[in-house]
There are 2 protein chains.
Amino acid sequence: MKVAKFGGTSLANAEQIKKVCSIVMADRDRRLVVVSAPGKRHKEDTKVTDLLISCANRFLQQQQAEEEKQAVFARYEEIIAELGLGEAVAEQIKSELDDVLSNRQGLSAERFMDAAKAAGEDTCAKIVAHYLRSLGEEASYVNPQDAGMLVSDEAGNAHVLPEAYAKLASLRERSGITVFPGFFGYAKSGELVTFSRGGSDITGSILAAAVTAEVYENFTDVDSVYVVNPNLIANPKEVKEITYREMRELSYSGFSVFHEEALIPAYEADIPVCIKNTNNPSAPGTMIVAERPFATNRVSGIASDSGFCSIYVSKYLMNKEIGFGRKLLQIFEEEGISYEHTPSGIDNISVILREKDLTEEKEKRIIERMFRELGADDVAVQHSLALVMIVGEGMRQSVGTTARATTALAAAKVNLEMINQGSSEVSMMFGVKAAEADRAVIALYQEFFGDEGETAAELLAASSAASVTV
Amino acid sequence: MKVAKFGGTSLANAEQIKKVCSIVMADRDRRLVVVSAPGKRHKEDTKVTDLLISCANRFLQQQQAEEEKQAVFARYEEIIAELGLGEAVAEQIKSELDDVLSNRQGLSAERFMDAAKAAGEDTCAKIVAHYLRSLGEEASYVNPQDAGMLVSDEAGNAHVLPEAYAKLASLRERSGITVFPGFFGYAKSGELVTFSRGGSDITGSILAAAVTAEVYENFTDVDSVYVVNPNLIANPKEVKEITYREMRELSYSGFSVFHEEALIPAYEADIPVCIKNTNNPSAPGTMIVAERPFATNRVSGIASDSGFCSIYVSKYLMNKEIGFGRKLLQIFEEEGISYEHTPSGIDNISVILREKDLTEEKEKRIIERMFRELGADDVAVQHSLALVMIVGEGMRQSVGTTARATTALAAAKVNLEMINQGSSEVSMMFGVKAAEADRAVIALYQEFFGDEGETAAELLAASSAASVTV
């Protein structure tokens, strides 16, 4: 049994839904199908989820949101009509949607918002099941509450409860194709709660783990995961196989193919994940697995993310002071700031954190506390940093990967503010000025993936050629 | 006014003391002289301080230590005789020493030990003052209590009290040459307390700061500080000028020219320190200063120290858990373990610490606590690590130092377990297996200080040639 999840662009219109259904029908093992809400049909389009959010917001503010509701209806009506599902289906779908969107039913604002958002996936799942039946398939929509998708009671940020897995396991026993709406579950109290945005990936992963699927297929709109951001490098190399850990490290630093939390259930149940393209299903895609042979490629990918800053603290003989590091980190904890890394010298330590977490007020207070509570000699904040990362399970086993990387960066005149290597066996991280991040990624791509004789300028994607100097 | 401190080998016998006095007399600004206890006269000799410790231990255990006491007397008698100071001086010195060593005077064991140890420096200072007078100089011994060397009440590990500086400042007003015994001071209660071993360097630094000396001259038995351990590399390059920070970083990783704590008073009062050779006083020596021009040498030195280990902890999505790092470090604090560095990946962190601090029992308990209290997925301990360090203030300002270093290490087939760069602007640290540390240091020396065409094998000191494969 395979679990196949389809993203928003795969369900954006009737044509796409037809592709989805033909993919499902092409493999009898694809018996559990998870769907997102219809996404953008073209670049300027609005996702159904965003329409639903506008609608709910307006309803909450003014108690009426007819225009927004009609926009949502219109999307589904068009799909239903083009799929030829008939008036009766259209009426039923519309009425069920209207029930959710026009009737607050005593729900709190955030509960109402969650219910409205979830209607996007829920409606889509019903339509897909209808369409599969219209093609002669045995197919049924299942409601996450009936199926046992129990989640924590955190509006907009639910987490699956451990007891959900045993209940969901019985989905295995259903005959025909089951269509399951992604993105939400139900709290023990019976109220609907959504995962964080993009959470249909999480639903698919939970189901794959619960039914111990042979594979969790995640259909999106790219042929595979690429070793580097394709907006930066034109036609980059594809990743054929990558481990969960590599994927996790890449997603940390700007890779956004797959929802970060979505890997956990699959990882814990050891279910391989396959990223495939709805628009080109015969392409092999990218396999995310527990282990891979290193020989094929030591480095799996290169990523970067900006928006970091560092707070440097020095104090003579800090090194001899038991508890200094703990006290330092406690200040960040008390300020509610999650930090990323803490590279240290002998008598100094830097705390790397996300710039968005450091308001001007917190920055001022932290600096003041470091002098007052820690007796720091010197405190300095550096803004606008980027982290550039090379990820690869096989990397650490080969002498010289660091040398190749740092030599390539030096040749590209990238100054290294920080190097973090030593804990993870999977990645090597370089802190650089945000303005130099693209140049760093290009230099590393050229070193580890470039073809002989290819220049950095030739590697650039059209979209980045104008803005990056190499 | 200059403060000149002379180490144990500079005072090991009469001949050395004559050199010391001629150095002092050669510069009228050398008005404050700090002396250690006589050190080893040859490789198999015993330092007077060690004789005193044996004597005190024996006295504490058995209430008599005649043989050990005579060994101490013998060292000083020989010196006094060869300096021609006469019987009266010899008798007085001996009687004062005997007072300390044969009379516990109600002192606790550790107080008695401190008093016995301090007698080495104290006696030496008296002899040097006698000898200077015998040469016609105006010279006087001063007792640290009379001079105001107030220290904390920590036997064997005293720290100077802030109020000492104002009192000691009046040493400036004394006429002639003042000879000051190193290594000890007095608590407010009036009891004698010693600094940590090698603490005469600290005395000199405190005095230099107190009298705002133009320079603190530290005379030892080498012409200068070398850029690398001369036991490993034959005739290494000399360091002409180095900053306090560079020196501190080097002393962390195995450089032992200068007592680690001794730099602080000089550093805080911005007194330059000059390391000079008693046996070759015309050599310029090494200057330790607040700032130096980078252009001369970007890298100041290379050092390594073994005896480290790392504890690796991983936990999926650790990165999102506010307070994880603080809780981790709290465990080490509660176990009374000071850690050195904490390189981190996305979902993992390693704690680097000194192996001597991690007993088998503590290791077991820490691992257990990491699983139980932190919910770690995986914990792994790696023993026998060394830290290899390149130190240089100018390093960070030049693109490519990291590349040069890592390329040299890769060429020498050194596998990097860890790289720590990013907080200190002064150093770059590589974690390697202890067995590869010498090879790493040699490769780095060759890269940053080697002459063209010189092979690694040619660089080796005779003492290391047999044991290191390059």
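The chains referred to below are lettered A, B, ... by the order of the sequence lines, with proteins before strands, and numbering in each begins at 1.
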Exercise for review: Pick one of side chain, backbone, both or neither for B:E340, based on which atoms fall under 4.5 Å of a heavy atom in chain A.
Suggested key: both

Point to revise | Region of B:V414 that comes under 4.5 Å of a non-hydrogen atom in chain A | key: backbone

Review point. Within a radius of less than 6.0 Å around CD of B:E373, do more than 12 heavy atoms belonging to other residues, nucleotides or ligands occur?
Key: yes

Review point. When you check the side-chain N and O atoms of B:T342 and A:T342, is any donor under 3.5 Å from an acceptor?
Key: yes

Point to revise | Under 3.5 Å side-chain donor-acceptor pair for A:T406 and B:T406 | key: yes

Point to revise | Ion pair A:E436/A:K413, N-O distance below 4.0 Å | key: no

Using non-hydrogen atoms only, which part of [X] is less than 4.5 Å away from chain B: side chain, backbone, both, or neither?
X      : answer
A:R245 : side chain
A:E268 : neither
A:F332 : neither
A:I352 : neither

Review point. Under the 3.5 angstrom rule, does the side chain of A:R439 hit a backbone N or O of A:A412 as a donor-acceptor pair?
Key: yes

Exercise for review: Look at the side chain of A:K315 and the backbone N and O of A:L374, then say whether any donor-acceptor pair between them is shorter than 3.5 Å.
Suggested key: yes

Exercise for review: Flag the one option from B:E334, B:E333, B:H341, B:R326 with the top tally of heavy-atom pairs under 4.5 Å to chain A.
Suggested key: B:R326

